[in-house]
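Just so it is clear, the model here is predicted, and its values are computed rather than measured. Scope of the values below: all heavy atoms of this structure, side chains included, with no hydrogens, waters or symmetry mates.
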Amino acid sequence: MWRACWLGALALFPLAARAERELTIRAFSDEVRDRVVAKVAEALGDRRAASAEIAGVVTFVGEDFLFLQRGDDGLKIERYGDGPLVAAGDVVSVSGAPSLEGGRILLRAKTLEKTGAEPLPEPRAVTRDELVEPGAEGVDVNWLRVTVEGRAIGLAERGFVLDVSGVPVNVMCADVPGFLSDASHTHPKVRVSGVVEQLLDPSVWLGRAGYVMGVKLHAVGIDVALVPDLAYLAARRTRLFVFGVSAVSAALAALLLAFAVLAVRQRRRLFRSRTLMAERKRMADDLHDTIEQHLVGAGMLMKLGRLKEAESVLVRAKREIRDIVWGLKNDDMMRLSPAELLRQLAHDENTKGLCRVDTRLTGLPPQMDAAQMRDLSLIVREAIGNAIKHGGAKKVALTADPGAGGGWLLRLANDGTPFDPATAPGPAEGHFGLEGMRQRARRLGAALSFAQRDGWTVLSLEKTEP
């Protein structure tokens, strides 16, 4: 039995220790709370303080508060309920109960009565130390009218921020002067008169030395003045100079851009005009070099009574006209690269089913102008058409390789009846197809030649320069 009692006591020992620890923590909390309550009770113990009536001149009016000052003492008044409208300079008598805010005692008004008016107290010029150390130099400047100087370092939501020898002061000002609009860039030096409000560390109520956690300055726009400052004026003039130079540069740039646009448009119009004239000349050359000669040859053959041959020449003229019209209608194809254009021509021939055209095109330039593209395409169309119609070709191989000096070499081989340009009929017999191919080759700056290789007729078109 005694053993069971000892065991029970040992089991309860941790609980007792934890209860003792809980009591110690609770005692600590109660002690701290008692110290705070004692400090507050000491401040509010006087009945006159618990329900006071205080008079003074109004130095600033906020949305739901105002500041009073009498001599070197200031007080913040919290207003609630209905009451008369007051303004800075009014002398009022306020009754109410004390309250706490940020380590300071203020008065929560129950009644407020205006009793007169008098000039505002002269603001006291304060130093950095007086702003951050309550009671420095024997004067507590909290809630008094003061004057401070510093550099405006930027705008805030409800005012601007002032740097007073390294101490940031939030200036609460609803109507910020316009010269502070670029304060974040120019940092002008200003002088501000208003009511200072220091936010204290609440530890002051625990008997420790308190310190200022933040500084506000309640002011109106007319109490913010610009202090002559060479650095600010230099920065301001520099910004104005830069702005002026930027504006002039922008105007000149806009003017130059307008001239450039006009020049580009004029150049485009000139290019279109020259292109149109070149196209007209090319059409005239085509009509003169081929169609006109076909028609003249057909007329001569008809006079000689050789109607069949005349008919054949007219058929060729019709085909030439068709090729010219085809070139005019296929502007979209002219926007392709030369290799893409020739592959499209090969595809069209393969679609007809009369002959198979294989391509291997690696040496052609990436781009040619429209006139060169038409000449190249018409040479290839003429060569393939002749190989099929006159040579009975069933296979055509179209290849392109890089040539000498940066040029290119195009070959068109067919397995049809061998073709010898030396014995082929020419313009005298009313055949202008080969002559037209040679003229187009000259416009391309290329040499046209024929050869026989392993039973294949090979047309070579070689351009030696890019």
Val396 and Asp358: CA distance, side-chain angles, deciding distance, side chain to side chain contact (heavy atoms under 4.5 Å, CB included) verdict: CA-CA 6 Å; Val396 173; Asp358 296 323; over 6 Å; no
Presence of salt bridge, Arg191 and Asp223, under 4.0 angstrom: no
Shortest non-hydrogen separation from Gly56 to Arg70 and the atoms involved: CA-NH2, 3.5 Å
Stepwise side chain to side chain contact (heavy atoms under 4.5 Å, CB included) check, Ile379 with Leu444: CA-CA 11 Å; Ile379 290 174; Leu444 285 172; 4.0 Å; yes
Salt bridge present between Arg443 and Asp375 (N-O < 4.0 angstrom): yes
Any donor-acceptor N/O pair, Asn386 side chain to Ala383 backbone, under 3.5 Å: no
Gln344 (side chain) donor-acceptor with Leu336 (main chain) under 3.5 angstrom: no
Glu349/Arg356 ion pair, N-O < 4.0 Å: no
Close side-chain approach of Ser377 and Leu341, heavy atoms under 4.5 Å: yes
Backbone N/O of Val91 and side chain of Lys114: donor-acceptor pair under 3.5 Å: no
Donor-acceptor under 3.5 Å (Asp163 side chain, Pro168 main chain): no
Side-chain ion pair, Lys76 and Glu197, N-O less than 4.0 Å: yes
Step-by-step side chain to side chain contact (heavy atoms under 4.5 Å, CB included) determination, Leu106 to Trp143: CA-CA 10 Å; Leu106 53 84; Trp143 293 336; 4.0 Å; yes
Any donor-acceptor pair under 3.5 Å from Asp415 side chain to Lys394 backbone: yes
Val357, Leu459, Leu342 screened by side chain to side chain contact (heavy atoms under 4.5 Å, CB included) with Val380, the one that passes: Leu342
Closest approach of Leu75 to Ile77 (non-hydrogen atoms, all atoms of both residues): CD2-CD1, 3.6 Å
Nearest-0.5 Å distance that lies between atom CG in Leu461 and atom CZ in Arg438: 12.5 Å
Heavy-atom closest contact (Thr59 atom, Ala88 atom, distance): O-CB, 4.0 Å
Aromatic plane relationship, His218 with Phe65 - under 30° parallel, 30 to 60° tilted, over 60° perpendicular: perpendicular
Residue pair Leu131 / Val215: nearest heavy atoms and the distance that separates them: O-CG2, 3.7 Å
Pair Ser337, Gln367: side-chain N/O donor-acceptor within cut-off below 3.5 Å: no
Asp73-Gln69 side chain donor-acceptor pair, cut-off 3.5 Å: no
Shortest non-hydrogen separation from Thr359 to Arg343 and the atoms involved: OG1-CG, 4.1 Å
Heavy-atom pair of closest approach, residues Pro121 and Arg145: O-NE, 2.9 Å
Any donor-acceptor N/O pair, Glu130 side chain to Thr127 backbone, under 3.5 Å: yes
